[in-house]
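Written out below as structure tokens is the structure these notes cover.
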There are 2 protein chains.
Amino acid sequence: MGKYKKSTRQALLVDKLSTNPFMTDDQLAQYFDVSIQTIRLDRLALNIPELRERIKSVAKEEKNKIRSLSLQEVTGDITEVEMNKRATSVFEVEESHTFLKYNVARGQYLFAQANSLCVAVIDQPVVLTKSAKINFVHQVKVQDKVVSNATVQSMTSKIAIIDVVSKVGDIVVFDGLFEMYFKKEDD
Amino acid sequence: MGKYKKSTRQALLVDKLSTNPFMTDDQLAQYFDVSIQTIRLDRLALNIPELRERIKSVAKEEKNKIRSLSLQEVTGDITEVEMNKRATSVFEVEESHTFLKYNVARGQYLFAQANSLCVAVIDQPVVLTKSAKINFVHQVKVQDKVVSNATVQSMTSKIAIIDVVSKVGDIVVFDGLFEMYFKKEDD
DNA sequence: TACTTATTAGTACCAACTACTAAGACCAAG
DNA sequence: CTTGGTCTTAGTAGTTGGTACTAATAAGTA
């Protein structure tokens, strides 16, 4: 099999280091079958610190930071809302979390962002997710800003169908179709 | 202040490094007001590894702690695993999980539990969620114990289809069909 | 004083980098 | 086809925090 192209390699690099932050540039170069310089350029581009710094940050008690990244905080910042029509939120993955937790959590955070946005766009006090069809289209890299857009497709007195597309730049990383259930205040 | 004699210094050195393993020989030399060589002889005599090795061993411990902590945090406790076949986890909804917006947390945590379970059931180092079709069947209350069951429906060399059903007692609260993508890695 | 232990100085070497320059490879458009 | 851009590789100098070793010196003791 041929080598990966740059973007793929960089995505895989993030992934690799998230599961195993103890790899040297040399080992990574052999793994991806590229030169050590390429790995270093990749790290530079992705803002990934060198081995010793990675290890040091793991060793120091960054576990508190990581622990604090619970799901309810990861809903992203809602930047625009047009009630019952559409909404936008932004979620930036911080580098301190990514190495350890990112792998497991990626799917969960993208879903959480989208789900929260769906709740926010509906102008009702109680909004529940009923069902969803979701796709994780593309990997998210370190420090990527995930911009999520929710658009209400249809809305009855109890159910809203909302389409969500999350992008990093121009690249779609996640999309989903959410069916939200809500109750009017006096129910 | 006079310098310590050898035995005292070495005892203090062990103490110092046990509370702060991040000190370089240079810093230690200044601290004890001896030459760097003395510190190195001390470490040699006491079988204390160099800074980087000390940090690495701390990092490895820390990583395991964090991993189990964050996994437990997100997934609940995985109680049974039959690799590549099925797995079960239990997640108890605490107040903190429902803290801001009950409904938001509910969806995200149920999804997170299911998603994590799908990652755990596949015996591969890197497992990513590709897509999912999920249903939030019934509401979950605080202190409910959500028992999630994942069953691998089919599995190729790259993709696994997993069915997840989450229940509180006998009542189904969530179900989902997950398409997981994984990579074999010989490292 | 001679002997032993403790300390210091200094050299060569290493891993795993950073930061930089320069050149070649590859593809895409004018 | 050639020019330009990105991508990749090569190579050098310098850094940190060491190891491993030799040699000289200082301090304490018989």
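Labels below follow one simple rule: chain letters A, B, ... track the order of the sequence lines, proteins then strands, and each chain is numbered from 1.
Nucleic acid contact for Glu50(B): sugar-phosphate only, since backbone atoms but no base atoms lie under 4.0 Å from a heavy atom of the residue. The residue Asp25(A) sits close only to the backbone: its heavy atoms come under 4.0 Å of sugar-phosphate atoms, none of a base. Residue Ile36(A) is out of contact with every strand shown, counting any heavy-atom pair closer than 4.0 Å. Nucleic acid contact for Arg54(B): none, since no nucleic acid atom lies under 4.0 Å from a heavy atom of the residue.
Along DNA chain C, the nucleotide nearest Thr38(B) and the nucleotide nearest Lys56(B) are compared for position; the residue whose nucleotide lies closer to the 5' end is Thr38(B). A residue-by-residue look at Arg43(A) and Lys5(B) shows that Lys5(B) has its nearest nucleotide of DNA chain C further toward the 5' end.
A donor and an acceptor atom, one from each side chain of Thr88(A) and Arg86(A), are located under 3.5 Å apart. Between the side chains of Gln113(A) and Ser166(A), no donor N or O sits under 3.5 Å from an acceptor N or O.
With Phe22(A) as the aromatic partner, Lys56(B) does not meet the cation-pi criteria of under 6.0 angstrom to the ring centre and within 45 degrees of the ring axis. For Lys145(A) and Phe91(A), the positive end is not near the middle of the six-membered ring at less than 6.0 Å and at most 45° from its axis.
In this structure, the CD1 atom of Ile55(B) is 12 Å from the C1' atom of dG18(D), given to the nearest Å. For the pair Gln37(B) CD and dA26(D) C1', the interatomic distance rounds to 15 Å; values are reported in whole Å. Atom CZ in Phe22(A) sits roughly 16 Å away from atom C1' in dA16(C) (whole-Å rounding). Between Tyr4(A) atom OH and dT8(D) atom P the separation is 14 Å, expressed in whole Å. Between the P atom of dT19(D) and the CG atom of Asn47(B) lies a distance of 12 Å, rounded to the nearest Å. Rounded to whole angstrom, the span from the CG atom of Leu51(B) across to the P atom of dC14(C) amounts to 21 Å. Note: CG (Leu41(A)) to P (dC20(C)) measures 13 Å, nearest angstrom. Between the C1' atom of dA16(C) and the CD atom of Glu53(B) lies a distance of 12 Å, rounded to the nearest Å.
The base of dG18(D) lies outside donor-acceptor range of the side chain of Arg52(B), with no N or O pair under 3.5 Å.
Neither OP1 nor OP2 of dA16(C) sits under 4.0 Å from any side-chain N or O of Thr24(A). Using a 4.0 Å cut-off, no side-chain N or O of Arg40(B) falls inside it from OP1 or OP2 of dA20(D). Neither OP1 nor OP2 of dT7(C) sits under 4.0 Å from any side-chain N or O of Ser35(B).
For Phe111(B) and Phe178(B), the gap between ring centers is short of 6.0 Å.
Each of dT8(C), dA10(D), dC17(C) was ranked by its minimum atom distance to the side chain of Val34(B); first place goes to dT8(C). Between dT8(C), dT8(D), dG18(D), one nucleotide has an atom nearer to the side chain of Arg9(A) than all others, and that is dT8(D). Nearest nucleotide to the Leu44(B) side chain, out of dT9(D), dT16(D), dA20(D): dA20(D).
Of the possible donor and acceptor atoms, one in the side chain of Arg54(A) sits under 3.5 Å from a partner among the backbone N and O of Met23(A).
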